[in-house]
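What follows is a short report on a single structure.
Every number for a ligand or one of its atoms is a count from 1 in the order of the listing. The first residue of the sequence shown is numbered 1, and numbering continues consecutively from there. These figures come from a predicted structure and were not determined experimentally.
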Amino acid sequence: MGLIVQKYGGTSVGAPDRIKQVAARIARFQREGHQLVVVVSAMSGETNRLIALTRDITTTPTPRELDVVVSTGEQITIGLLCMALHAIGVKARSYTGAQVRILTDSAHTKARILSIDETPIRRDLDDGCVVVVAGFQGVDAAGNITTLGRGGSDTTGVALAAALQADECQIYTDVDGVYTTDPRIVPEARKLDRITFEEMLEMASLGSKVLQIRSVEFAGKYKVKLRVLSSFADTGEGTLITTEENTTMEQPVISGIAFNRDEAKLTVLGVPDTPGTAYRILGPIAEANIDVDMIIQNVGQDGTTDVSCTVARGDHDRAMAILGQVREAIGAREIRSDKSMAKVSVVGVGMRSHPGVASLMFRTLAEEGINIQMISTSEIKISVVIDEKYLELAVRVLHKAFGLDGSAA
Ligand code: ADP
Ligand code: ASP
Ligand code: MG
C-alpha cells in the first residue's frame, strides 16, 4: 500500500473507450489499497489540433494566449476521466494546474515548475478520493496560465510525485517501456528492464521522446522512482529508471540509440580567423533565444575559417536571417544552410570502460555509404549529424552492429 502517481499520455486517453479502460485500471489499484494521483494528457492529436487552430488565426500569437488555448486539451480529459471513475463507483475529483497551484515561472510555452500546493490533494486522498490533475499546465505568480513544453505532462507527473513523496511515478504510454531505440523505426528493438537516469537523460535529450527531458531531470534530482509502462497491457514491469548501474550482469557497451530528425545545419564560410569570431557569429543567435547544438570550426587557412552549427529545424529561417546580418558585419564570404539534417546518437554508460565505440559507429556508417557531417561526443554518448534521408538506415545498422537486436544482449 502506498501513494502512486500515474500519468497517462495522449493515446492512453485517446478515445472514450480508452478513458474507461484507464478508469478500470485506476479502480484496480485503489482496490489494492493504494492512494492515487493521476495526471492526464490531452486526447491524442488534440494539442496539435489546438496549435493548428491558433495558426488559422495568426502565425504570431502572443505566448500568453497560445498557452490559454493549448492548455485546454487537458481540462477535457480530467473531467472525462473523473466521470468514467464515478460511473464505476470510484470517488474522484479533477483539478486544473491552476487549481492545485502548480506554480511556474512566466516562460510561456516552456515554463518551469517552481512549487505545488499539496493541501487540496492530501485532503482528497485522505478522503479516499482519486485526484486527477491536468498535465502540461501551470500558473505563474501573476495568475497567468502557462504550459510546460511538448510532452510536459510527464513533468507534471514527476513533479507531483516529488512534491507528495510518492512511492512511485508510473508513466503509462503506448509502448511497454523504454526500448533500445524507437520500436516504430526498428521492430527488433528490445525493451530494457532498467536504464540509468544518466542514460535516460541523454536518450531524451537526443530525441527519444518517450519521456520529456525535464521529467527525467526532475526525477533524478528529487530521487523519484520512475517507471515507464504500457496502458494497453495489463501485465509487465515496464522499464525502471534507476540510479544504480547494472553491476550484476556484464554491462552492455551501448544501451540505446536515439535520433532526431528535426535538425538544420548552418555554415558561415570565409570568416576572418580572429579572436571573438565565434562569439560574433553565435552571440546574436543565442540572444534571439535559439538553441545551438553542435558547433564546428575548421582549421584556419589564409586568415579565414568556416564555422558550422546546428539548430532545430523550426529555428532555421530565423537563424539564417540573423546570420545574413552577421555575415555583412564581420565580412564573411558566404552563408549556407541545409534543412534536411538528422542526428543519430549511441548512448551507454558502458562506453566509459570500452574504447572503440566511435570506430565501430563510424565504420558501420561508412559501410553503408552514409556521410558523417558533424560529430560530437561526451562521456556516455557519440552523436553524428547525417543527411535525413539516411536516418532510418543508420539507426537500423547501428542497432545491429552494437548487438542490440533481438535476444543479443
Ligand atoms: P504519450 O502520448 O504517452 O506521452 P509519446 O508519444 O510521447 O507517448 O511517447 C511514446 C512514444 O515514444 C512511443 O510510441 C515510441 O514511438 C516513442 N519512442 C521513441 N524512442 C523510444 C524508445 N527508446 N523507447 C520507447 N519508445 C520510444
Ligand atoms: N498534450 C501535451 C502535448 O501533446 C502534453 C503531453 O502530452 O505531455 O505535448
Ligand atoms: Mg509524451
May I ask you to identify the nearest protein heavy atom to [atom], giving residue, atom name and distance to one decimal place in Å?
atom: atom 13 (C) of ligand 1; value: Asp174 OD1, 3.4 Å
atom: atom 4 (O) of ligand 2; value: Arg150 NH2, 2.9 Å
atom: atom 2 (O) of ligand 1; value: Gly10 N, 3.1 Å
atom: atom 7 (O) of ligand 1; value: Lys209 O, 3.5 Å
atom: atom 25 (C) of ligand 1; value: Gly177 O, 3.4 Å
atom: atom 4 (O) of ligand 1; value: Lys7 NZ, 3.0 Å
atom: atom 1 (P) of ligand 1; value: Thr173 OG1, 3.5 Å

Which is it for [X] and ligand 1 at heavy atoms under 4.0 Å: side chain, backbone, both or neither?
X: Val210; result: both
X: Thr180; result: neither
X: Met43; result: neither

Looking only at heavy atoms of [X], does any of them come nearer than 4.0 Å to an atom of ligand 2?
X: Gly10; answer: no
X: Gly151; answer: yes
X: Glu74; answer: yes

Query - Non-hydrogen side-chain atoms of Arg333 and Val268 separated by less than 4.5 Å - result: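 They are not in side-chain contact.
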Query - Heavy-atom check, side chain of Leu365 versus side chain of Leu398, under 4.5 Å - result: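 The answer is yes, as the side chains (C-beta and beyond) meet within the 4.5 Å cut-off.
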Say whether [X] and [Y], considering side chains only, have a donor N or O and an acceptor N or O under 3.5 Å apart.
X: Asn48; Y: Arg150; result: yes
X: Ser230; Y: Asp176; result: no
X: Tyr390; Y: Asn371; result: no
X: Gln75; Y: Thr96; result: no
X: Gln170; Y: Gln6; result: yes
X: Thr147; Y: Ser71; result: no

Query raised in the report: With atoms numbered from 1 as shown, which atoms in ligand 2 lie under 4.0 angstrom from a non-hydrogen atom of Ser41?
Result: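 Listed by number with element: 6 (C), 7 (O), 8 (O).
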Query raised in the report: For ligand 1, which atoms sit closer than 4.0 Å to a heavy atom of Val178?
Result: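 In order of numbering, the contacting atoms are 24 (N).
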What about [X]: any of its N or O atoms under 3.5 Å from an N or O on ligand 1?
X: Pro183; value: no
X: Asp182; value: yes
X: Tyr179; value: yes
X: Arg184; value: yes

Query raised in the report: Touching ligand 1 at all, Gln212? Heavy atoms, strictly under 4.0 Å?
Result: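 Judged by the 4.0 Å heavy-atom criterion, Gln212 does not count as contacting ligand 1.
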**Report entry** Ring geometry between Tyr8 and Tyr172 (parallel below 30°, tilted from 30 to 60°, perpendicular above 60°)
**Finding:**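 Tyr172 and Tyr8: parallel rings.
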Query - Flag if over 12 foreign heavy atoms under 6.0 Å of CZ, Arg93 - result: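 It does not: Arg93 CZ has 12 such atoms or fewer within range.
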Query raised in the report: Any idea which heavy atoms bring Ile78 and Val133 closest together, and the distance?
Result: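 Taking Ile78 first and Val133 second, the nearest heavy atoms are CG2-C, 3.5 Å.
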**Report entry** Cation-aromatic face contact Arg18/Phe232, 6.0 Å, 45 degrees
**Finding:**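 Arg18 over Phe232 ring: yes.
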